[in-house]
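A quick write-up on the structure given underneath.
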Amino acid sequence: MLTTRGGQLTVQGVLQYIWQHEGFAGLFKGNTASVLRIVPYAAIHFGLYEYYRRAIVQLALPHSKPGSKEQGIPLWDLLAGSASGASAVLATYPLDLVRTRLAYATETPPPATQQSGPGRLRHRHPGIFSLLATTAKDEGLLGLYRGVLPTLLGILPYAGLKFYVYQALKNHYRATSSLVADGGVRALFRGLSINYMKVVPSTAIGFTVYDALKSYLGLTSSL
């Protein structure tokens, strides 16, 4: 459910409202700003990630050899991912601000409108760069970064964990592939039979004692 000043609307209701009042183009309002933002954001994010990771590893492990086990731990990816994500946000946040403002510009449409179809009105909203210039003029350069702190607080763990999980899974895949290459698929189950010999009687004894103690203490069984 989406909440408006007049009450609550479902997603379908909001889509119908936008279609009736702004037409097909209204469904993509702010999308251009989003596309213009995501391209440099992704380029900065991934490019600086590699740079930050090398710098962090060199700073933390100045005497380690390239490709060593210490350099492959996911901790460096967590730190580098967080730093590159924060850098990308700072570089592209003005476009993110404009995208958000364009997306929510339908609540109070400007007075200058014209008919664009039967029963439809097309609102004239400022363009991306026009809105950037207006925001900088009216609110100053700091106005282009209004609300950036909550965004940074959200992107730091998100970007860091994204690269951390990526590196951890990649390391696990490499270890598994190496194990299979050396011993075949059966190597993945090596020692399983011995483990069964321990787990099966241990589990049986545990549940037997559990039921015996419940009976002795007069506890009602739910099974």
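Positions are given from 1, in the same order as the sequence printed here.
- Annotation: side chain to side chain contact (heavy atoms under 4.5 Å, CB included) contacts of Asp182 (sequence neighbours excluded): Ser178.
- Using a 4.5 Å cut-off between side-chain heavy atoms of Ile, Leu, Val, Met, Phe, Trp and Tyr, with links allowed through other members, Leu48 and Leu156 fall into different hydrophobic clusters.
- Sorted by first and then second residue, the pairs that involve residues 77-90 and meet side-chain hydrogen bond (donor to acceptor under 3.5 Å, both in side chains), not counting sequence neighbours, are His45-Ser84, Tyr49-Asp77, Tyr52-Ser87, Arg53-Asp77.
- For Phe46, the ring-ring contact (aromatic ring centres under 6.0 Å, His included) partners two or more places apart in sequence, or in a different chain, are Phe163.
- In this structure Leu15 satisfies the side chain to side chain contact (heavy atoms under 4.5 Å, CB included) test together with Val11, Leu27, sequence neighbours excluded.
- In this structure, Leu152 and Leu90 have side chains that are in contact, with non-hydrogen atoms separated by less than 4.5 Å.
- In Leu217, the CG atom is crowded: over 12 heavy atoms of neighbouring residues, nucleotides or ligands sit closer than 6.0 Å.
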Go through the steps to decide whether Glu70 and Ser64 satisfy the test side chain to side chain donor-acceptor pair (under 3.5 Å), and finish with yes or no. CA-CA 8 Å; Glu70 293 80 8; Ser64 66; over 6 Å; no
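- In this structure Val209 satisfies the side chain to side chain contact (heavy atoms under 4.5 Å, CB included) test together with Ile205, Leu213, sequence neighbours excluded.
- For Thr176, the side-chain hydrogen bond (donor to acceptor under 3.5 Å, both in side chains) criterion is met by no residue, not counting sequence neighbours.
- The distance from the OG atom of Ser177 to the NE2 atom of His172 is 9.0 Å, given to the nearest 0.5 Å.
- Counting only residues at least two apart or in different chains, salt bridge (Lys or Arg N to Asp or Glu O under 4.0 Å) contacts with residues 147-161 are absent.
- Under a hydrophobic-cluster definition in which Ile, Leu, Val, Met, Phe, Trp and Tyr are linked whenever side-chain heavy atoms come within less than 4.5 Å, directly or via other members, Phe207 and Val199 are assigned to different clusters.
- Without hydrogens or angle criteria, His21 side chain to Tyr17 main chain gives a donor-acceptor distance under 3.5 Å.
- Taken together through direct or relayed side-chain contacts under 4.5 Å among Ile, Leu, Val, Met, Phe, Trp and Tyr, Val148 and Leu153 form parts of separate hydrophobic clusters.
- Residue Asn171 comes nearest to Gly72 through the heavy atom pair ND2-O, 2.9 Å, listed as atom of the first residue, atom of the second, then distance.
- Distance check: Lys170 NZ to Arg174 CZ gives 4.5 Å after rounding to the nearest 0.5 Å.
- Every pair passing side-chain hydrogen bond (donor to acceptor under 3.5 Å, both in side chains) that includes a residue from residues 140-153 is listed here, sequence neighbours excluded: Glu139-Arg146.
- Ile44 and Leu36 fall into different hydrophobic clusters, where Ile, Leu, Val, Met, Phe, Trp and Tyr residues are linked whenever their side-chain heavy atoms come under 4.5 Å apart, directly or through other members.
- Residues in residues 54-69 take part in no salt bridge (Lys or Arg N to Asp or Glu O under 4.0 Å) pair, two or more places apart or across chains.
- Annotation: side chain of Tyr41 is not in contact with side chain of Leu95 (no heavy-atom distance under 4.5 Å).
- Smallest separation of non-hydrogen atoms from Ala159 and Gly81: CB-O, 3.3 Å.
- The hydrophobic cluster of Met197 has no other members, since no ILVMFWY side-chain heavy atom comes under 4.5 Å of it.
- By the side chain to side chain contact (heavy atoms under 4.5 Å, CB included) test, Leu97 is found to be paired with Tyr93, Arg101, Thr135, residues two or more places apart in sequence or in another chain being considered.
- Side-chain heavy-atom separations under 4.5 angstrom define the hydrophobic clusters, and the remaining members of the one that includes Val57 are Ile56, Leu61, Ile73, Leu75, Trp76, Leu78, Leu79, Leu161, Tyr164, Val165, Leu169.
- Hydrophobic clustering of Ile, Leu, Val, Met, Phe, Trp and Tyr side chains at less than 4.5 Å, counting indirect connections, unites Leu132 with Val39.
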